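Have a look at the structure below, then the notes.
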Amino acid sequence: MTLRLYDTDARQIRDFTPLVPGCVSIYLCGATVQAAPHIGHIRSGLNFDIMRRWFGYRGYDVTFVRNVTDIDDKIIAKSAESGVPWWAIGYANERAFNNAYDALGCLPPTYEPRATGHIPEMVEMMRVLIGKGHAYAADGNVYFDVRSFPGYLGLSNQDLDQLLQPSGEGETGKRDPRDFAMWKAAKPGEPSWDTPWGRGRPGWHLECSAMVHKYLGSAFDIHGGGIDLVFPHHENEIAQSRAYGDAFAAYWVHNAWVTMSGEKMSKSLGNSVLVADMITRWRPIVLRYYLGTPHYRSTIEYSEAALAEADAAFSRIEGFLHRAAERIGEITPAAAVPDDFATAMDEDLGVPQAMAAVHTTVRQGNAALAEGDKESVASLAGQVRAMLGVLGLDPLDAGWHGGGDRGEELTGTVDALVRLVLAQRTAARERKDYGTADAIRDELTAAGLVIEDTPNGPRWELG
């Protein structure tokens, strides 16, 4: 089946045809590093990690670029308030974002460029656009003339005459209030760089156009980001890049928000939930399941109850794999995912339908375990591992068992201690001392362990 994606520009699901057969190039608007990431921030990276993994499974050679915006108004304002250098704020939060991506099992991008590392490319793009009559300098700023580009607002489907273009402080000299800043004139005490039009700093939109051109060339396959970036950011990127002469993106893919009480999760609204806090209360793999299994175009309404449901659902999958491993030994992932899983993923990354295939296979596997059918257990467990592996959710994958050799030693030590206690419980039951046996079980439960009595003896797992 042909892989299909919803294209925001076309407003419909389209067959995916790569510009270069066998290859796919993806640019994702990454973090603006003025603060540590909340789960709304990280959802975008996680959704596109799943996209990137699925393209890889389908045999594509994937180039995945995710930028870092390390200079903008908010970073500069925070620097002025705190007295901490702007670059120190940016770097600390860039590390926080990468720690969050790593914690949730996202693969590293092929390239992760910083905006401030590409000032020469931005200057060259402005020089060409001014020469073509698409941009102009005024009061040390450089603006894009939106009326010079006939296709402007095609992505967001707005009327230019009704447009209210967001503007920042100091954006003087505009010929039209709807023109947007590509370069902002220097202000006292702010970071700035030399250009032929005076010292200043880049506008947000110019950064991405310059980095896309450097790393993916004049044409590439997929441009991604959150739905809130359609306007003005992505609309302005299109105008700059196509006026410059680039064909730019063939497909536009946008993920929906994480909301709280119906509002977009945002630091400014005070309703954000930091990833660093969440992973102290929930296992990272459960948080990945929670954020990654709804359809990427569906809004996720945050609640602790929803996270608890995700934890329970994932634990059912995980429990089957652990029980299967105890019964048959090592589980080898199947060479291919089942057809219904693949069909769901090919149709606009239909992860909810793909997860339905996972849960169906788990139910079949549990039935096979009950019947003692080891051959079927091995086959079904292998299919589950293959499907979860594509989604970055395989609990048996070594990537979810960090800590190196010391982590493995600790796991072995805990297992030995728990089995010693379970042996004492078994001995108490055999001598019919049920009070002691129940007390041991209660103590283990209070310690966060789930004990299950099986025909092969008791087994445990973290609750």
Side-chain angles (χ1 to χ4, degrees), residues 8-9 27 29 32 67 69 71-74 76 113 115-116 118-187 190 192-220 223 225 228-249 252:
T8 304
D9 191 32
Y27 183 89
C29 283
T32 299
N67 76 295
T69 296
I71 186 72
D72 87 326
D73 293 342
K74 293 179 181 179
I76 292 171
T116 55
H118 298 80
I119 302 298
E121 290 84 355
M122 298 180 206
V123 171
E124 172 61 15
M125 183 167 278
M126 287 188 288
R127 185 190 65 78
V128 170
L129 288 170
I130 289 173
K132 288 185 171 185
H134 290 294
Y136 58 94
D139 299 341
N141 303 294
V142 178
Y143 298 109
F144 187 90
D145 179 357
V146 297
R147 289 194 177 275
S148 74
F149 183 70
Y152 190 59
L153 300 181
L155 182 68
S156 56
N157 196 30
Q158 296 184 79
D159 181 354
L160 182 60
D161 291 332
Q162 304 298 319
L163 179 67
L164 294 175
Q165 183 78 256
S167 292
E169 182 183 350
E171 293 185 11
T172 61
K174 284 187 180 183
R175 297 173 183 171
D176 186 312
R178 288 159 291 200
D179 295 344
F180 62 86
M182 303 175 69
W183 190 261
K184 300 186 178 186
K187 296 178 185 177
E190 289 188 355
S192 61
W193 290 262
D194 282 323
T195 76
W197 313 283
R199 289 187 67 82
R201 59 183 176 86
W204 178 29
H205 319 302
L206 179 63
E207 297 172 351
C208 283
S209 287
M211 288 186 281
V212 166
H213 183 84
K214 180 176 180 67
Y215 292 95
L216 297 179
S218 62
F220 63 104
H223 196 312
D228 52 315
L229 300 184
V230 172
F231 179 83
H233 187 46
H234 290 166
E235 198 73 80
N236 292 350
E237 278 188 67
I238 291 171
Q240 293 166 159
S241 295
R242 290 188 178 162
Y244 178 75
D246 288 351
F248 212 51
W252 287 86

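All values derive from a computational prediction rather than experimental measurement.
- Contact record, Tyr215 with Pro113: CE1-CB, 3.5 Å, taken as the closest heavy-atom pair.
- One distance of note links CD of Gln165 with CG of Asp176; it measures 9.5 Å at 0.5 Å rounding.
- The existence of a salt bridge linking Arg201 and Asp73 is confirmed by a sub-4.0 Å separation between a basic side-chain nitrogen and an acidic carboxylate oxygen.
- At least one donor-acceptor pair closer than 3.5 Å links the side chain of Asn141 to the backbone N or O of Ala185.
- When all heavy atoms of His234 and Cys29 are compared, the pair lying nearest together is NE2-SG, 3.3 Å.
- The closest side-chain heavy-atom distance from Met122 to Glu207 is below 4.5 Å.
- Counting all heavy atoms, side chain and backbone alike, Leu163 lies closest to Arg178 at O-CG, 3.8 Å.
- Relative ring orientation between Trp183 and Trp193 is described as perpendicular, the plane-to-plane angle rising above 60° on a 0-90° scale split at 30° and 60°.
- Salt-bridge annotation for Arg175 and Asp139: absent, with no side-chain N of the basic residue lying under 4.0 Å from a carboxylate O of the acidic one.
- No side-chain N or O of Thr32 forms a donor-acceptor pair with one of Asp72 less than 3.5 Å apart.
- If you check the side chains of Asp179 and Tyr136, you find a donor sitting under 3.5 Å from an acceptor.
- In terms of modelled atom types and a separation under 3.5 Å, the side chain of Arg199 and the main chain of Ala186 share no donor-acceptor contact.
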- Kindly indicate, with the supporting measurements, whether the criterion ring pair (Phe, Tyr, Trp, His ring centres under 6.0 Å) is fulfilled by His205 and Phe144. CA-CA 10 Å; His205 319 302; Phe144 187 90; over 10 Å; no
